There are 2 protein chains.
Amino acid sequence: MNQPARRQPDRTRQTLLECAFEEMHRSGFRAASLDAILESSGVTKGALYHHFGSKTALGYAVVEEVVRPWVEASWRPVLEAGDCIAAAVAVCQELTRQRTVRAIEYGCPFNNLINEMSPVDEGFRKRLQQILDDWREGIVAALRKGQAQGVVRADVVAEDAAAFIISAVEGCVGMAKSKRSREFLESGMRGLIAYLETLRSRSSR
Amino acid sequence: MNQPARRQPDRTRQTLLECAFEEMHRSGFRAASLDAILESSGVTKGALYHHFGSKTALGYAVVEEVVRPWVEASWRPVLEAGDCIAAAVAVCQELTRQRTVRAIEYGCPFNNLINEMSPVDEGFRKRLQQILDDWREGIVAALRKGQAQGVVRADVVAEDAAAFIISAVEGCVGMAKSKRSREFLESGMRGLIAYLETLRSRSSR
DNA sequence: CAGCGTTCATACTGGTTGGTATGTAACGAG
DNA sequence: CTCGTTACATACCAACCAGTATGAACGCTG
């Protein structure tokens, strides 16, 4: 039994965020039903509207407090690794390997939200853009570091490569949603890995 | 004046498809309001339900009769060109150049529909998957032809490269939706073009 | 223990949406 | 001209959904 009458406002809020994230991942933000979130979280409507002023405010909180850390965590290895290309390849391989068919169908929450919400809600757009900017800056820094180390070719334009790599990853995961199998995702990722290898300087092969 | 009482069922149907396409492009399929489509097309609900059995059926027809030709037309140059790499580069440049800021915000209809509808509606998923398969097969054929001509490196895995190229294009257009400016799209595309050049065989440079 | 703000619970509402029932006018066949 | 089918038009409905009003129970403070 969970304590029936005990109050844990922070935990209630966190549960709400997590259940909202999952519902948004499955259905998208606009089609996400508050009733469904309330049912899966075991929270009532009064509690929800105590913690969040509106459905939109809940969505913003999910972006800031769930999606953002999730994106950051997935690429931290690349930013911290010695050989950023090898680390990126490893992340790409991990991305496909541990992904269930279910996860392939639902895709990347970050990509989903950009595609759904950016054109129709400025608050979502700004928050998602900020996450994208930070991600891109991280990749740029990693590539520059790699260039200083002699791992990455000096003629690579870091900004362009970073935008391209992020786009390719999200594009692969997105396109794979229309396929039932893992094949497309794996194939696209092999293409990406082949590209990443072209960024390596001859001296570090 | 358009003929007030004259009947043009084929034209009515076509108008409906085009207006539905635009509304779906702006709002997505599920958030697309039939009333909005009816208003922009000047057609009444009775006429709509005469031509299409349901909103879903209308959506399927839009995919088959508007989205599919649109996707096919955008890549035909690559499939027919002599130098498929040069043609692909040209398509990418054209893709960014002629695109208005408005079009950047709303993104690619094909990508939008895959991301929104594939997980939640099997009928959409199958139709979109078929378009993706055909697109990919086209690129594979173009790459193979390029390899036979000595334009494309022989060690390129055509299936992987095709999946990767399509994903990268759609990823760039998708990510750019979260940015107001053209910068990200152009930057990602420069990265893509740099990648496309790596596919070229040394003998054809 | 008294009092009060925080945290939640329940019932209800107004608006929107996809869909339908019913009617009518155009159109082609004979 | 007649008649049945096609192609629309209008009015209405049931479902769903975000949001609100109201109130009660908890729990900290003094």
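All values reported here derive from a predicted model rather than from experimental measurement. In what follows, every heavy atom counts, from backbone to side chain, and hydrogens, waters and symmetry copies are set aside.
- A heavy-atom distance below 4.0 Å to DNA chain D is reached by none of the residues of residues 12-30 of chain A.
- Counting heavy atoms of neighbouring residues, nucleotides and ligands inside a 6.0 Å radius, atom CD of Glu39(B) does not exceed 12 of them.
- A donor-acceptor pair under 3.5 Å is formed between the side chain of Thr12(B) and the backbone N or O of Gln8(B).
- Residues of residues 45-63 of chain B having a heavy atom closer than 4.0 Å to DNA chain C, listed by number: Lys45(B), Tyr49(B), Ser54(B), Lys55(B).
- The CD1 atom of Ile104(B) sits 11.5 Å away from the SG atom of Cys172(B) when rounded to the nearest 0.5 Å.
- Using the six-membered ring where Trp is involved, Phe164(A) and Tyr195(A) have ring planes that are perpendicular, over 60° apart on the 30 and 60° scheme.
- Near-neighbour residues of DNA chain D inside residues 32-39 of chain A, defined by a heavy atom below 4.0 Å, number-ordered: Ala32(A), Ser33(A), Leu34(A).
- Residues that satisfy the side-chain hydrogen bond (donor to acceptor under 3.5 Å, both in side chains) test with Asn112(A), not counting sequence neighbours, are Lys177(A).
- Between Arg127(B) and Glu122(B) there is no salt bridge, since no side-chain nitrogen of the basic residue lies less than 4.0 Å from a carboxylate oxygen of the acidic one.
- Checked by distance alone, Arg7(B) brings no side-chain donor or acceptor within 3.5 Å of a matching partner on the base of dC27(C).
- Rounded to an integer number of Å, the gap from CZ of Arg11(B) to P of dC27(C) is 16 Å.
- Taking 3.5 Å as the limit, the base of dA26(C) and the side chain of Arg6(B) contain no donor-acceptor pair of atoms between them.
- Ile131(A) pairs with exactly one of Arg68(A), Glu72(A), Arg136(A), Glu64(A) by the side chain to side chain contact (heavy atoms under 4.5 Å, CB included) rule, that one being Arg68(A).
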Bracket string, DNA chain D, 5' to 3' - pairs by Watson-Crick or G-U geometry under 3.5 Å, | interstrand: ||||||||||||||||||||||||||||||
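- With hydrogens and angles disregarded, no donor-acceptor distance shorter than 3.5 Å links the side chain of Glu159(A) to the backbone of Val140(A).
- Counting only distance, with no hydrogens or angles, the side chain of Arg144(A) and the backbone of Ile139(A) share no donor-acceptor pair below 3.5 Å.
- Looking at Phe124(B), Phe29(B), Phe52(B) one by one, the single match for ring-ring contact (aromatic ring centres under 6.0 Å, His included) with Tyr60(B) turns out to be Phe124(B).
- Arg97(A) has no carboxylate O lying under 4.0 Å from a charged side-chain N of Glu186(A), or vice versa, which leaves the two without a salt bridge.
- Put simply, the side chain of Asn115(A) gets close to the backbone of Asn111(A): a donor and an acceptor are under 3.5 Å apart.
- Listed by chain and number, the residues in a side chain to side chain contact (heavy atoms under 4.5 Å, CB included) with Ala36(A) are Glu23(A), Ser33(A) (sequence neighbours excluded).
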